[in-house]
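Whatever order the structure lists ligands and atoms in, that order sets their numbers, starting from 1. Keep in mind that this is a model prediction, so the values were computed, not measured.
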Amino acid sequence: MLRNAKPHIRALRPYEPGLPIEALVQEHGVRDPLKLASNENPLGPSPKAVEALCGAAGQVHRYPDGACRALRAALSRRLQVAPDQLVFGAGSDEILELVAKTFLAPGDELLCAWPSFAMYPIVAQGMGADCLRVPLNAELGHDLEAMAAALSGRTRVAVICNPNNPTGTSLGAEELQRFVEALPEDVVLLLDEAYAEFARRPDFPDSLALLARRPATAVLRTFSKIYGLAGLRVGYAVCGPELAGLLERARHPFNVNALAETAALAALSDTAHFERTRRMNAEGMALLRRELEALSIRTWPSDANFLLAELGEGACEALLKLGVSVRDMAGFGLPGCARITIGTPEQNERLLKALHALRGKP
Ligand SMILES: *Cc1c(COP(=O)(O)O)cnc(C)c1O
C-alpha cells in the first residue's frame with residue numbers, strides 16, 4: 001500500500017471515455033460498430049488536415065514549436081485577438097487542468113453546473129480542491145441564479161459550459177451577462193465552448209467581446225469537435241493577457257505536438273469542411289428530434305452536435321448489441337437517458353432503425 005499517495009488522488013474516479021471502435025469489436029463482439037458516443041465529427045477530419053499530417057510526418061524527429069507560432073498567428077487573425085491572449089493545450093482538457101493547477105488548492109472551490117462535463121470535478125479534485133455542483137434547472141439548462149447564489153469566498157473558478165455537455169442546452173448573451181455581473185472580478189470565469197461552433201441561437205454570447213470587459217476569463221475552444229481532430233489532442237483558451245501569461249507558466253514546454261499543430265492549422269483553413277459539418281449537423285439534429293419524437297422518445301433542444309434522449313432503462317446496452325454505441329447518462333443523474341452524437345445521414349438512419357427494432361416497431 002503506497003501510504004504516501006495524496007488522499008484526493010486516491011479518491012479520484014477516473015474519467016470514463018466512450019469505448020474506442022477497436023474495443024467495441026474486440027471486447028464487445030460488435031460487428032461494424034457505429035460510435036455515436038463521443039461527439040466526434042462524423043465526416044472525419046478535413047482532407048486538408050490529413051494531407052498536411054502526411055507531409056509533416058517526416059519531420060517528427062524535431063521538437064515541436066513550443067510556442068505554436070504558426071497556429072497562434074492564424075488564430076489571432078481569425079479571432080481578432082492579440083497573439084499573447086492565446087494558450088494552447090493537448091486538447092482543451094489540458095487547459096482545464098492548467099486552470100486548476102494555477103488557481104485551485106485544498107479548501108478552494110470550483111463552481112459548475114451539474115450534469116455538465118465530467119472533467120470539471122476531476123480537475124478540481126486532482127488539486128485537492130472541492131467542486132460545487134449546482135443542479136441544472138427543470139429545462140436542463142444552467143440555473144445561473146442558483147449558481148450566483150452559490151458563490152462564496154472560497155470560489156476560485158466558475159465554469160459555464162455553453163452549449164452544455166451532456167444536455168446540449170445553451171445560454172444567451174443576456175443571461176450570461178447577468179451572471180458575469182454577479183461574479184467577483186478575481187474569480188476566474190471559464191467559458192467552455194467546445195461546441196460553440198455548432199450553436200444556432202442568434203443571441204449566442206460573443207464571449208471574445210466579453211474578454212475586453214472581464215480579463216479574468218478563459219474561453220475554451222477545441223479542434224476535437226467540429227474540426228474533427230480529437231485523436232490529435234489540440235485545444236486552446238482565449239484569455240485576458242495576465243491570465244494567459246499565468247497559464248503559459250503552468251504548461252509543459254512542448255504540450256502540443258508537431259502533427260497536431262500542423263493539422264489544426266490546415267483544418268482552420270478548410271472552411272468548406274467546417275461549413276459542411278455544421279450544415280449536416282443541423283439537418284441531422286432536426287431529423288433525429290422529429291423521428292425520436294415520433295417514437296415517443298423525449299429529447300431536449302440542443303445547440304451542439306449531440307442530443308440528450310430519454311431512451312429508457314437498459315436501452316444503451318440493447319443498442320450496443322445492435323452495434324450502436326451511445327453514451328449512457330445514468331451516472332450523471334439522468335437515468336434512462338443517453339447522449340447521442342448526430343451522425344451522417346446514413347448513420348442517423350442506422351440509429352433510427354436500431355431504435356425502431358428496440359421499440360418493436362417496423
Ligand atoms: C470534448 C469536450 C472538451 C474537450 O475536448 P478536448 O478533446 O480535450 O479538446 C471540453 N469540454 C467539453 C464540454 C467537451 O465536451
Asker: Classify the ring geometry between Y236 and F88 as parallel (under 30°), tilted (30 to 60°) or perpendicular (over 60°).
Answerer: tilted
Asker: Identify the closest protein heavy atom to atom 9 (O) of ligand 1: which residue and atom is it, and at what distance?
Answerer: T222 OG1, 2.5 Å
Asker: So that I can tick it off, tell me whether K35 and E40 are bridged by a salt bridge, with the cut-off set at under 4.0 angstrom between side-chain N and carboxylate O.
Answerer: yes
Asker: List the closest protein heavy-atom neighbour of atom 4 (C) of ligand 1: residue, atom name, distance to the nearest 0.1 Å.
Answerer: S92 OG, 3.0 Å
Asker: With under 30° as parallel and over 60° as perpendicular, where do the rings of Y195 and F198 fit, or are they tilted in between?
Answerer: tilted
Asker: Over 60° means perpendicular and under 30° means parallel, so tell me whether W114 and F332 are parallel, tilted or perpendicular.
Answerer: parallel
Asker: Is the shortest side-chain heavy-atom distance between V188 and R156 below 4.5 Å?
Answerer: no
Asker: Treating Ile, Leu, Val, Met, Phe, Trp and Tyr as nodes and any side-chain heavy-atom pair under 4.5 angstrom as an edge, say whether I21 and V50 lie in one connected cluster.
Answerer: no
Asker: Contact between ligand 1 and A194 is defined here as a heavy atom of the residue under 4.0 Å from a ligand atom; is it met?
Answerer: yes
Asker: List the closest protein heavy-atom neighbour of atom 11 (N) of ligand 1: residue, atom name, distance to the nearest 0.1 Å.
Answerer: D192 OD2, 2.6 Å
Asker: Using side-chain contact (heavy atoms from CB on, under 4.5 Å) as the criterion, list what pairs up with P14, not counting sequence neighbours.
Answerer: none
Asker: Which atoms of ligand 1 sit under 4.0 Å from any heavy atom of R233?
Answerer: 6 (P), 7 (O), 8 (O)
Asker: Hey, which atoms in ligand 1 end up nearer than 4.0 Å to a heavy atom of K225?
Answerer: 1 (C), 2 (C), 3 (C), 5 (O), 14 (C), 15 (O)
Asker: If the contact criterion is a heavy-atom separation under 4.0 Å, does Y195 count as touching ligand 1?
Answerer: yes
Asker: Could you tell me whether S224 and ligand 1 have an N or O pair separated by under 3.5 Å?
Answerer: yes
Asker: Among all residues two or more places apart in sequence or in another chain, which pass the salt bridge (charged side-chain N to carboxylate O under 4.0 Å, His left out) test with D32?
Answerer: R350
Asker: Looking only at heavy atoms, is any part of D93 under 4.0 Å from ligand 1, and if so is it the side chain, the backbone, or both, or is it neither?
Answerer: both
Asker: Relative to the heavy atoms of G91, which atoms of ligand 1 are at a distance of less than 4.0 Å?
Answerer: 6 (P), 8 (O), 9 (O)
Asker: Can a non-hydrogen atom of C161 be found less than 4.0 Å from any atom of ligand 1?
Answerer: yes
